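Data first, discussion second: the structure below is written as structure tokens.
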Amino acid sequence: MGCAVGDALGAPLEGRSREQIATMQGIADGFRPYRHKGEVEFPLGQYTDDTQLTLAIVKSLLTCGRVDPADIAAEFVKLWESHEIVGAGQVAHRAVGRLMEGIRWEDAAAADDLPWNGAAMRIAPVGLWHFDNADQLARDVELASFVTHRHPLAVDGAIAVATAVAYAATSNEVETASFLDAVHGSIAGRSPGFADRVRELHEWLALTETAALEAIVADQGRAKGRGFGVPVRVEPTVLASLYVFLKSPGDYLATVDRALRAGGDVDTVAAIAGAISGAHNGLDAIPANLVAGVKDSAEILDLGARLFARRFADTA
């Protein structure tokens, strides 16, 4: 639910600059009209592919009781074949297109494709599923990512997010250094440069918000002349999501509001940060009007309850 609400709040703002969003009031108070690239206007509370693919992974975990990339691939294909998918990224679209042509999941994604954030945005359920096993978490994040994203950075960004979710879900208090140590450690042996930037968040948290966000997107190829915004590349997306969570770890709405005001790919930043915050703070931390108003609210709550029950079925 934390993912879905953040995503749905961010969808109408996606692509706007930080400067444009700064002039808007009450952006986290309620859902706004959303029209994706000139398409028919969606109902209030509509979320995007960030949440759709997250829910697809939940459904697969419920069906299989484990991370099964072939089944995840089948769930993804359903969304494309039914034309339900909203705002899919190019990397995922290319891979699912190959799946629909009959190519096996192992071969659908290209390792030399772009290091975008499509695997990281949907991976929270795997972090919950493996909250107590870091090694299995990393292995299964790889499998769940490989369905559409094989670029090493795309996978490592997903591992970082899943690790953050696992930490958040199992900690009464979020201690910044410990949190960053956990995320850093999950990718240090795989992407040392990315991991080092995760560590730098500790210093960036002491900067002004604008200076911190500038440091996060430095050298990430963002568009020139359009104002500030977080690009769709995985590294700045993950860093921005961790940053806004750590600025207010005990306050879901403050985290999501800060994510929305970052500019750029704000639906994904808010979806990831919202998932981490939701895992830490629980359902009661999310405003009731947003829980009730997000698309498919009852189904999302049911899937969450069933995921919990399935994960702990053998220990009841």
Side-chain angles (χ1 to χ4, degrees), residues 1-16 21 24-36 41-59 84-87 117 120-125 127-128 161 164-165 168-169 174 230 237-238 240-308:
M1 184 58 76
C3 169
V5 167
D7 182 14
L9 287 170
L13 307 178
E14 182 185 14
R16 299 193 189 197
I21 296 170
M24 303 173 68
Q25 302 297 316
I27 57 173
D29 291 348
F31 299 114
R32 293 170 178 257
Y34 171 47
R35 189 189 301 272
H36 180 72
E41 189 170 290
F42 292 107
L44 294 180
Q46 173 70 52
Y47 47 74
T48 75
D49 58 325
D50 301 56
T51 302
Q52 290 177 307
L53 299 178
T54 298
L55 296 179
I57 291 178
V58 172
K59 291 173 183 177
E84 293 176 72
I85 197 71
V86 177
N117 55 28
M121 73 188 190
R122 69 184 191 230
I123 208 65
L128 294 175
V161 170
V165 168
V174 173
V230 178
T237 299
V238 171
S241 301
L242 298 178
Y243 169 79
V244 298
F245 170 67
L246 288 172
K247 288 292 285 187
S248 50
D251 189 331
Y252 174 86
L253 197 60
T255 289
V256 168
D257 186 84
R258 187 172 279 109
L260 299 174
R261 294 189 181 279
D265 196 12
V266 294
D267 61 320
T268 297
V269 176
I272 295 173
I276 299 169
S277 185
H280 179 61
N281 293 299
L283 185 62
D284 289 345
I286 307 173
N289 67 304
L290 299 178
V291 172
V294 76
K295 182 178 184 291
D296 304 319
S297 175
E299 180 187 9
I300 293 170
L301 293 172
D302 178 65
L303 287 170
R306 290 167 57 199
L307 183 71
F308 182 89

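Remember, predicted model here, so these are calculated numbers, not experimental data.
Between the side chain of S297 and the backbone N or O of G293, no donor-acceptor pair lies under 3.5 Å. Judged by distance alone, the side chain of Q52 and the main-chain N or O of E84 form a donor-acceptor pair under 3.5 Å. Not one N or O on the side chain of Q46 forms a donor-acceptor pair closer than 3.5 Å with the backbone of Y34. Between the S241 side chain and the T237 main chain, a donor and an acceptor come within less than 3.5 Å of each other.
Residues V291 and I300 fail the side-chain proximity criterion, which asks for heavy atoms closer than 4.5 Å. Here the side chains of I27 and D257 are in contact, with some heavy-atom distance below 4.5 Å. Side-chain contact between I272 and C3 is absent, with no heavy atoms from C-beta onward closer than 4.5 Å. Within the 4.5 Å cutoff, the side chain of V86 has no heavy atoms near those of the D49 side chain.
Residues A8 and V294 come closest through the heavy atom pair CB-CG2, 3.9 Å. Taking every heavy atom of both residues into account, L128 and A279 meet most closely at CD2-CB, 4.2 Å. V238 approaches A120 most closely through the heavy-atom pair CG2-CB, 4.1 Å. Nearest heavy atom pair, residue A270 against residue A259, reads CA-CB, 3.7 Å. Pairing each heavy atom of A262 with each of V230, the nearest pair is CB-CG2, 4.1 Å. Among all heavy-atom pairs drawn from A164 and I276, the shortest one is CB-CD1, 3.9 Å.
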Residue pair L53, I85: steps toward the side-chain contact (heavy atoms from CB on, under 4.5 Å) verdict: CA-CA 9 Å; L53 299 178; I85 197 71; 4.2 Å; yes
side-chain contact (heavy atoms from CB on, under 4.5 Å) between D296 and L55, intermediate numbers included: CA-CA 11 Å; D296 304 319; L55 296 179; 5.6 Å; no
Step-by-step side-chain contact (heavy atoms from CB on, under 4.5 Å) determination, M24 to L13: CA-CA 10 Å; M24 303 173 68; L13 307 178; 3.4 Å; yes
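Interatomic distance, CZ of R122 versus CG of D7, reported as 14.0 Å (0.5 Å rounding). Here the straight-line distance linking atom CD1 of I57 with atom CG of L307 works out to 11.0 Å at 0.5 Å rounding. To the nearest 0.5 Å, atom CZ of residue R258 and atom CG of residue L260 are 11.5 Å apart. The CG atom of L290 sits 7.0 Å away from atom CG of L253, with the distance rounded to the nearest 0.5 Å. Here CG of L283 is found 6.0 Å from CG of L301. Values are rounded to the nearest 0.5 Å. Note that the CD1 atom of I286 and the CE atom of M1 stand 6.5 Å from one another [nearest 0.5 Å].
Salt-bridge annotation for E299 and R306: absent, with no side-chain N of the basic residue lying under 4.0 Å from a carboxylate O of the acidic one.
Identified under the ring pair (Phe, Tyr, Trp, His ring centres under 6.0 Å) test for residues 244-276, with sequence neighbours left out: F179-F245. Annotation: ring pair (Phe, Tyr, Trp, His ring centres under 6.0 Å) contacts involving residues 261-308, sequence neighbours excluded, comprise F308-F312. Residue pairs meeting the side-chain hydrogen bond (donor to acceptor under 3.5 Å, both in side chains) criterion with at least one partner in residues 264-278, sequence neighbours excluded, are T48-D267, D50-T268, N117-D265, D265-T268, S277-N281.
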